[in-house]
Visitor: 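Below you'll find the structure I mean.
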Protein chains: 2
Amino acid sequence: MVAKATIDDVAALAGVSMKTVSRVVNNEPNVRAATREKVAAAIAALDYRPSQSARSLAANRSYVLGLLYDNPSASYVIDVQAGALATCRRAGYDLLIHPCKHDSEELTQEVLLLARQSRVDGLILTPPLSDIAELVQGLVEAQVPFVRLSPTENKAACPYVQTNDQEAAYDMTCKLLELGHTRIGFIAGHPDHKAVTERYLGYLAALKENDLRYDRTLVEQGYNSFDSGRECAARLLDLPDAPTAIFASNDDMAAGVIIEAHHRGIAMPVELSVAGFDDTPVAHQIFPSLTTVRQPIVEMAGKAAELLIKLLKGKSVQMPAAIMSCRILERESTHQVQP
Amino acid sequence: MVAKATIDDVAALAGVSMKTVSRVVNNEPNVRAATREKVAAAIAALDYRPSQSARSLAANRSYVLGLLYDNPSASYVIDVQAGALATCRRAGYDLLIHPCKHDSEELTQEVLLLARQSRVDGLILTPPLSDIAELVQGLVEAQVPFVRLSPTENKAACPYVQTNDQEAAYDMTCKLLELGHTRIGFIAGHPDHKAVTERYLGYLAALKENDLRYDRTLVEQGYNSFDSGRECAARLLDLPDAPTAIFASNDDMAAGVIIEAHHRGIAMPVELSVAGFDDTPVAHQIFPSLTTVRQPIVEMAGKAAELLIKLLKGKSVQMPAAIMSCRILERESTHQVQP
DNA sequence: AATGAAATTGACAGCGCTGTCAGCTCAGTT
DNA sequence: AACTGAGCTGACAGCGCTGTCAATTTCATT
């Protein structure tokens with residue numbers, strides 16, 4: 001790499017102390033405008049770039065956020081990364097990604113290590129990690145700053161960003177009811193993944209609200225994967241009195257439903273309506289394209305990073321609970337029930 | 001965070017100098033076994049974790065690799081990340097992700113900044129960034145170590161990892177020919193994305209090899225996206241003498257072909273065979289599931305990180321060119337041509 | 001037991017920055 | 001004109017580690 005100018009070089013050229021250069025670089029107050037300009041000119045002339053390692057060591061912060069996840073959905077993870085990164089860049093932070101296993105024994109230790117090595121200043125936890133009590137507890141005890149995406153438990157512990165999953169699932173169920181469906185199958189999400197399971201509550205609430213009896217045979221336990229969705233669909237469609245609509249807790253499972261129906265020669269959406277949740281890319285790449293719920297994942301992650309950075313700056317973020325709204329996207333896979 | 005033990009604490013407890021502790025921590029040779037054990041015990045007792053920022057500053061390396069990409073495929077990016085991370089963890093490195101715009105004016109500057117700030121020790125470039133001459137040139141000049149995934153140009157410049165895209169596309173085309181198809185439509189990839197465009201050469205080679213005349217109307221220019229695939233398919237299927245098989249340069253475009261065919265009521269695979277490339281998740285989530293080519297992306301990225309780390313360790317990696325093989329996956333979307 | 005080479009260990013000087021704190025400058029006051 | 005306090009600036013001491021190099025120990029040989 002090119003010989004790099006240090007803060008001393010800049011100070012010498014600008015005719016000030018290196019501390020003043022530091023002030024200018026860090027946008028600190030109490031520097032006369034004229035001085036600021038002199039320094040800025042010197043920085044430009046030398047093409048000076050502060051060394052991150054040096055400032056990390058001296059200031060005891062790394063200007064790096066860690067992003068923790070354990071989610072099989074590539075598009076979800078990419079969106080979270082994109083949102084977090086956008087904020088990070090604006091604030092001069094970098095993002096370290098740290099996929100991990102939510103059921104690992106050493107999860108908490110592994111994550112704490114990141115902070116203990118001073119690799120990251122704070123962490124963003126995404127579901128299902130945001131609901132692991134031991135991990136959350138460990139971070140609180142070690143006083144590692146962190147923000148959670150969509151936690152369902154222990155919300156007092158720290159800042160979080162959330163969506164109204166339950167409400168959106170309620171709305172989606174109502175939509176299907178409005179289309180005349182009375183037997184609506186539901187495929188629940190992975191039990192370890194609390195945020196997804198919340199959607200089940202929305203489904204239940206909508207049935208209740210509309211005085212439909214709850215039929216246990218219409219609810220299948222899925223595991224968030226395409227394959228599990230397909231298996232659940234097979235069972236639902238085998239029912240003597242099969243549902244005319246199936247609402248899956250996520251798009252991957254909904255895609256599984258659609259494949260299973262295709263293989264059975266069921267015409268969609270006329271003979272079967274299908275709804276999903278998440279609006280992953282597959283939702284509009286399958287036939288029929290999927291009616292689903294879009295979450296503002298990028299924005300949520302961006303907000304989370306923002307809260308975290310505020311927290312790091314010491315601006316007491318009084319446990320702010322940013323709640324963001326989902327939106328139903330009606331596509332081809334839902335249709336009026338046939339008489 | 002918990003009060004952290006420093007190297008001095010460990011040295012004091014073990015009764016050695018901090019340099020010796022440093023040697024043990026870094027697995028350097030020339031430390032007596034007994035000493036090593038004493039130190040190890042002290043480290044364990046104090047739960048000592050070296051500060052990354054301090055060692056970065058002192059050793060002038062960050063133990064972080066940067067991953068550069070500009071690829072709309074979430075699953076591709078996730079796979080690359082996973083592969084690179086696996087290697088990084090084994091070697092004690094972290095991974096900084098850096099999505100960017102391949103057509104940005106300031107791309108080279110932006111990327112060089114990462115190294116100049118000593119945030120990363122080296123870079124992994126993925127297509128289409130691996131083919132941007134200016135960027136590659138800039139890195140070489142600035143002496144930033146880097147490794148490329150699937151470069152098609154200037155291969156002498158530095159280590160790279162590659163797949164035999166062209167050969168795989170050749171094989172896939174032959175497979176369609178064997179199924180009796182003689183009019184095989186082809187949807188080319190984004191012209192900026194060299195690695196994808198190589199697949200076109202494989203298609204051409206197969207036609208030539210089998211003495212089929214090249215029909216220009218059967219080749220459409222796509223842009224790697226689902227929508228562009230669908231548009232190209234529409235044009236191909238509108239042809240008076242429409243193809244009986246369509247080979248798209250990637251799965252997203254192939255998914256577009258399948259949707260377009262569905263909307264036209266074309267029965268697949270009997271009336272139309274479709275083939276893709278990449279084996280993205282959508283390939284087996286659509287109906288009919290897609291015959292495609294699987295690249296060992298995770299392995300490639302892992303290998304790339306490995307080469308890069310070797311390079312950083314000064315072990316002269318004499319421009320090693322790891323070439324890895326693709327595999328055709330036959331699924332439901334391809335079928336014998338109808339007489 | 002003396003000898004020399006190799007193995008092992010430690011002292012020390014930074015790496016390039018930021019935090020602390022003291023000192024200086026300069027309006028606005030009295 | 002002297003005084004005040006806010007605004008501005010700089011000296012300096014680390015942050016916790018690694019690289020260098022010299023000192024010491026070890027061990028096989030003679």
Side-chain angles (χ1 to χ4, degrees), chain A residues 1-39 42-43 46-64 92 115-119 121 312-314, chain B residues 1-39 42-43 46-64 92 115-119 121 312-314:
Chain A
M1 331 210 175
V2 175
K4 296 195 291 186
T6 73
I7 200 171
D8 289 291
D9 301 329
V10 177
L13 182 61
V16 298
S17 76
M18 70 178 183
K19 180 65 218 188
T20 299
V21 177
S22 169
R23 287 198 179 90
V24 173
V25 169
N26 293 292
N27 256 309
E28 284 171 30
N30 297 341
V31 178
R32 201 176 307 162
T35 313
R36 204 176 280 278
E37 273 170 37
K38 255 194 319 189
V39 173
I43 288 176
L46 297 174
D47 195 21
Y48 164 71
R49 307 296 163 175
S51 150
Q52 286 303 324
S53 2
R55 59 190 344 198
S56 300
L57 179 58
N60 196 28
R61 42 220 253 68
S62 61
Y63 302 94
V64 173
R116 305 230 9 240
Q117 290 184 139
S118 40
R119 287 215 124 141
D121 290 341
L312 293 174
K313 283 192 179 149
Chain B
M1 332 209 177
V2 176
K4 296 195 290 187
T6 73
I7 199 170
D8 290 291
D9 301 330
V10 177
L13 181 61
V16 298
S17 76
M18 71 180 182
K19 180 66 217 187
T20 299
V21 177
S22 169
R23 288 197 180 91
V24 172
V25 168
N26 294 291
N27 254 308
E28 285 172 30
N30 298 340
V31 177
R32 201 171 308 164
T35 313
R36 204 176 281 279
E37 272 169 37
K38 257 194 319 192
V39 172
I43 288 176
L46 297 174
D47 195 21
Y48 164 72
R49 305 296 163 175
S51 150
Q52 284 304 322
S53 4
R55 60 190 340 199
S56 299
L57 179 59
N60 195 29
R61 41 221 257 67
S62 61
Y63 302 93
V64 174
R116 304 230 9 241
Q117 290 183 140
S118 40
R119 287 216 124 143
D121 290 340
L312 293 174
K313 284 192 178 150

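Below, chain A is the first sequence line, B the second, and so on; all start at residue 1.
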Visitor: Over how many whole Å does the gap from A:K38 atom NZ to D:dC8 atom P extend?
Guide: 14 Å
Visitor: In this structure, how many angstroms lie between the P atom of D:dG7 and the CZ atom of A:R36, rounded?
Guide: 14 Å
Visitor: With a 4.0 Å cut-off on heavy atoms, is B:P50 in touch with a base, just the backbone sugar-phosphate, or nothing at all?
Guide: sugar-phosphate
Visitor: Output the rounded distance in Å from CZ (B:R61) to C1' (D:dC17).
Guide: 14 Å
Visitor: Mind calculating the distance between CZ (B:R116) and P (C:dC17) to the nearest angstrom?
Guide: 12 Å
Visitor: Can you give one letter per nucleotide of nucleotides 10-15 of chain D, 5' to 3': B if a protein heavy atom sits under 4.0 Å from the base, S if only from the sugar-phosphate, - if neither?
Guide: BBBBBB
Visitor: Counting C-beta onward and ignoring hydrogens, is there a side-chain heavy-atom pair between A:T20 and A:R32 closer than 4.5 Å?
Guide: no
Visitor: Base, sugar-phosphate, or nothing: which does A:N60 touch, judged by heavy atoms less than 4.0 Å apart?
Guide: nothing
Visitor: Can you find a pair of side-chain heavy atoms, one from B:K4 and one from B:T6, that are under 4.5 Å apart?
Guide: no
Visitor: Is the phosphate of C:dC17, meaning OP1 or OP2, less than 4.0 Å from a side-chain N or O of A:Y48?
Guide: yes
Visitor: Identify, with sequence neighbours excluded, every residue that meets side chain to side chain donor-acceptor pair (under 3.5 Å) alongside A:R119.
Guide: B:Q52, B:D94
Visitor: Under 4.0 Å between a side-chain N/O of B:R32 and OP1 or OP2 of C:dT8, yes or no?
Guide: no
Visitor: Is a donor on one side and an acceptor on the other found under 3.5 Å between the side chain of B:R55 and the backbone of B:Y63?
Guide: no
Visitor: Provide, to the nearest angstrom, the distance between the CD atom belonging to A:E28 and the C1' atom belonging to C:dC17.
Guide: 12 Å
Visitor: Is it the case that over 12 heavy atoms from other parts of the model lie below 6.0 angstrom from the CG atom of A:N26?
Guide: yes
Visitor: Tell me whether the OP1 or OP2 atom of D:dT18 has a side-chain N or O from B:S22 closer than 4.0 Å.
Guide: yes
Visitor: Which heavy atom in B:S56 sits nearest to a heavy atom in A:S53, and how many Å separate them?
Guide: CB-CB, 3.5 Å
Visitor: Please report the distance, rounded to the nearest Å, between CG in B:N30 and C1' in D:dC21.
Guide: 14 Å
Visitor: It should be established whether A:N26 places a side-chain nitrogen or oxygen under 4.0 Å from OP1 or OP2 of nucleotide C:dT18.
Guide: yes
Visitor: Could you tell me which non-hydrogen atom of B:V16 sits nearest to which non-hydrogen atom of B:T35, and how far apart they are?
Guide: CG1-CG2, 4.1 Å
